[in-house]
Amino acid sequence: MLPAPSTSRLGQRSLFNRTHVVTFNTLLRLTDNSQMNLQVTYTNDREEASAQRTTEYFVNTGNRMIDNKKEYLEKDDHLTAKLKYENNSGGQYLKNELSGDLLWSRQWLTERGTNPHDLYGRLPEYTLKDNLMVMRRMGNRLVTLESKNIMQVRPNGLNVDALRQDVNQHYYETDTYLKGSFLLGKFIVSGRAGINAGKYAFSSNMQTLLDSLGLWTGSSHYFFSRIYANPEVEYKISDFDITFSNELSWNHYSYSVGDAYSRVLYSPELHIRWQASPRWQLGATADITNGNVDANQFYPTIVLQDYQYIHRGLADYRVARDKGVSLSARYGDALRGTHLVGRVKRTFGSTPYTTSQEYEGDYIIVSLQPQRTTYNAWNVTLFCSQGIGALKGTLNARALYNAKDAEMIQNGEQMPFKTRAFNLTAGLTTSLIPTVDVDYHLTWMRNTMKMQRLGSSSTINSWKHEAKVHIPIVKLLSLETLAEYYHNQLSANRFKDIFFADASLKLQLRRFDITLALNNLLNRKTYAYALNSDLMRSTSSLLISGRELMINIYYKL
């Protein structure tokens, strides 16, 4: 995927696109107990985006600054189809879904500025899935058999100026298991057991030699198989509910460019819930989690991501391991309209790898180094809401806090850094005026990255005000307005302020819903924001689709 200008903050508002969609859906009843459903959708989509992006890389050999103007174009043809068969008779339910997902994607990116480049990516992706589920009642027990199968082919290619690399990936996986539950005295015993296996084939061909950075042409095959069981035992006594679960698995891996390996993994979890009172519920959880070997890191060549980033694979079967402890509390008083939910989690983890970035000329080579790294993190979530009778509405607030200490290898040197992210949202929903709904939210986000070895830090603050008003005009006609105000920090003492306003009229008839929407009433043309990520900070200014009139007609059968 080429580095398109990010649109995650504004969604479709920042895109200049044209979309055509055709759908077909039919349901055929076969017998009194069985039916078949066919769904087909074809989408033709064309998207354009323009942005000015400035990126600062915090490097131990001296910071790098890249300032580029990006012109991005994507053309997609997307065909999906799903055939579903269901049979519900007697003590058995059967469902089988066969689906195909065919995507033809082409992307163009032109960069002008510090690093001028022309890129063209061919990213087709063909996926075939078959999911089978059979549920059967045996006495007072319910047993379920599920089989999930997927085949995916990705014949991708990337042109960067005069360079061209073709990468073909084929992926096959099956996961078949039995699950069920039964009573054993005062214990509820449940779980599932099954077999999971997959194969990943990779090949790369570089048609224009780059330099001696590494191997560009080659192929490999990676295979894994897993026999697993996930038993769970639940015991209730008085006001306590105690649940113990464990994932046990025997795993075998083999790689065509390396040795085979087998291991046993386990991931236990203990959860205790206490109903302290009719309104208070307290909980505690302790767990040990082993990660899975990532098939996507097994490839013998280096791979271009874009004009700047090059990725190297690593054939290693070790996995990350986390230990976590969490406490939670829940309070609810329906009569007073008071609700409170809180959760605090502390995680201690280790990974056998450390992400590495090597700066070679104009390129950044990203890889995993077989060097053990430990990390720890805090995660705090709070949510509360309070009904306010005088305002005929509800006041709510949510707070999220994430803190993590991590490390990265940069040009052969260990680079520790700390990230702290805080998100606070408060809102009011009210119908003080009968039949008129008003919804207002205020969001504050703060993200800080501290780089101890470099003696520097980067902090980004942003504010967002959002207000919606829904006004019924007559019985079948209503008006909805939306106002958004952003106050985004771009640098230490520089902020970007922008205000959006939208309005829409909706007419609801017996067979038709007709919406007339006028978006971006003030005809704003740009939106700017900044982001912190692993040892880098970027500031982007996006061109935004101006004032537009849209008509939507929906027909109901």
Side-chain angles (χ1 to χ4, degrees), residues 7-17 19 21 23 332-341 382-400 423-445 462-488 497-527 529 542 544-557:
T7 59
S8 59
R9 290 179 172 235
L10 287 171
Q12 293 295 102
R13 188 189 293 274
S14 61
L15 297 179
F16 299 86
N17 68 312
T19 304
V21 180
T23 63
D333 187 343
L335 294 177
R336 297 183 179 179
T338 304
H339 298 276
L340 173 66
V341 178
L382 295 173
F383 173 81
C384 62
S385 65
Q386 176 62 58
I388 303 176
L391 296 178
K392 297 181 180 180
T394 302
L395 181 66
N396 57 74
R398 182 187 64 184
L400 302 174
N423 184 304
L424 178 62
T425 300
L428 174 65
T429 301
T430 178
S431 297
L432 188 59
I433 302 174
T435 71
V436 176
D437 298 325
V438 179
D439 190 7
Y440 169 77
H441 282 87
L442 169 64
T443 301
W444 172 58
M445 293 180 288
S462 63
W463 296 81
K464 179 184 177 181
H465 300 260
E466 183 178 14
K468 294 181 181 179
V469 180
H470 180 82
I471 305 171
I473 300 175
V474 294
K475 183 179 180 180
L476 302 177
L477 184 66
S478 62
L479 171 68
E480 184 170 285
T481 61
L482 169 66
E484 294 176 315
Y485 172 72
Y486 296 86
H487 182 65
N488 294 336
D497 296 285
I498 187 168
F499 181 80
F500 292 109
D502 304 328
S504 63
L505 279 172
K506 186 173 183 179
L507 177 64
Q508 293 178 296
L509 302 175
R510 184 166 176 262
R511 292 289 185 182
F512 289 93
D513 285 348
I514 303 174
T515 303
L516 179 66
L518 186 58
N519 298 324
N520 197 359
L521 287 163
L522 302 178
N523 201 28
R524 302 304 187 192
K525 297 297 180 66
T526 60
Y527 173 82
Y529 65 96
L542 300 175
I544 299 169
S545 178
R547 187 183 297 115
E548 59 184 9
L549 179 66
M550 298 184 66
I551 300 176
N552 181 60
I553 301 175
Y554 178 69
Y555 176 68
K556 296 171 285 186
L557 293 175

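Values in this document were obtained by computation on a predicted structure and should not be read as measured data.
For W444, the side chain to side chain contact (heavy atoms under 4.5 Å, CB included) partners two or more places apart in sequence, or in a different chain, are F422, L424, R446, N461, W463. Residues passing the ring-ring contact (aromatic ring centres under 6.0 Å, His included) test with Y485 are H465, sequence neighbours excluded. Checked against ring-ring contact (aromatic ring centres under 6.0 Å, His included), F512 has the following partners two or more places apart in sequence or in another chain: Y555. Looking at residues two or more places apart in sequence or on another chain, you find a side chain to side chain contact (heavy atoms under 4.5 Å, CB included) between N552 and T515.
For the atom pair OH of Y486 and OG of S462, the computed distance is 10.0 Å after rounding to the nearest 0.5 Å. The CG atom of N519 sits 9.0 Å away from the CG atom of L482 when rounded to the nearest 0.5 Å. Atoms OH and CD, on Y527 and E484 in that order, are 9.0 Å from each other to the nearest 0.5 Å. Here I498 contributes atom CD1 and K525 contributes atom NZ; the two are 11.5 Å apart, rounded to the nearest 0.5 Å. If you take CG on L505 and CG on L477, they are separated by 5.5 Å, rounding to the nearest 0.5 Å.
The heavy-atom pair separating S478 from H470 by the smallest distance is OG-CE1, 3.5 Å. In terms of heavy atoms, D502 sits closest to N520 at OD1-N, 2.7 Å.
Checked against L507 for a side-chain contact (heavy atoms from CB on, under 4.5 Å), the options I473, I553, L476 give a single hit: L476.
A salt bridge does not link K506 to E480: none of the charged side-chain nitrogens sits closer than 4.0 Å to a carboxylate oxygen.
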| field | Derivation of the side chain to side chain contact (heavy atoms under 4.5 Å, CB included) call for Y440 and T430 | value | CA-CA 9 Å; Y440 169 77; T430 178; over 6 Å; no
| Passes side chain to side chain contact (heavy atoms under 4.5 Å, CB included), T425 versus N423? Steps please. | CA-CA 7 Å; T425 300; N423 184 304; 3.4 Å; yes
| said: What verdict does the side chain to side chain contact (heavy atoms under 4.5 Å, CB included) test give for F500 and I544, after you've listed the backbone C-alpha separation in whole Å, the side-chain angles of each residue and the deciding distance to 0.1 Å? | reply: CA-CA 11 Å; F500 292 109; I544 299 169; 3.6 Å; yes
Name each donor-acceptor pair under 3.5 Å that joins a side chain in residues 432-439 to protein atoms two or more places apart or in another chain, with its distance.
from	atom 1	to	atom 2	distance (Å)
D437	OD1	S431	OG	2.7
D439	OD1	T429	OG1	3.2
D439	OD1	H441	ND1	3.2

Mind listing the side-chain donor-acceptor pairs of residues 383-399 below 3.5 Å, one per line with the distance, residues two or more places apart or on another chain?
from	atom 1	to	atom 2	distance (Å)
Q386	OE1	T338	OG1	2.5
Q386	NE2	R336	O	2.9
Q386	NE2	T338	OG1	3.4

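R524 places a side-chain N or O within donor-acceptor distance of the main-chain N or O of F499, the cut-off being under 3.5 Å.
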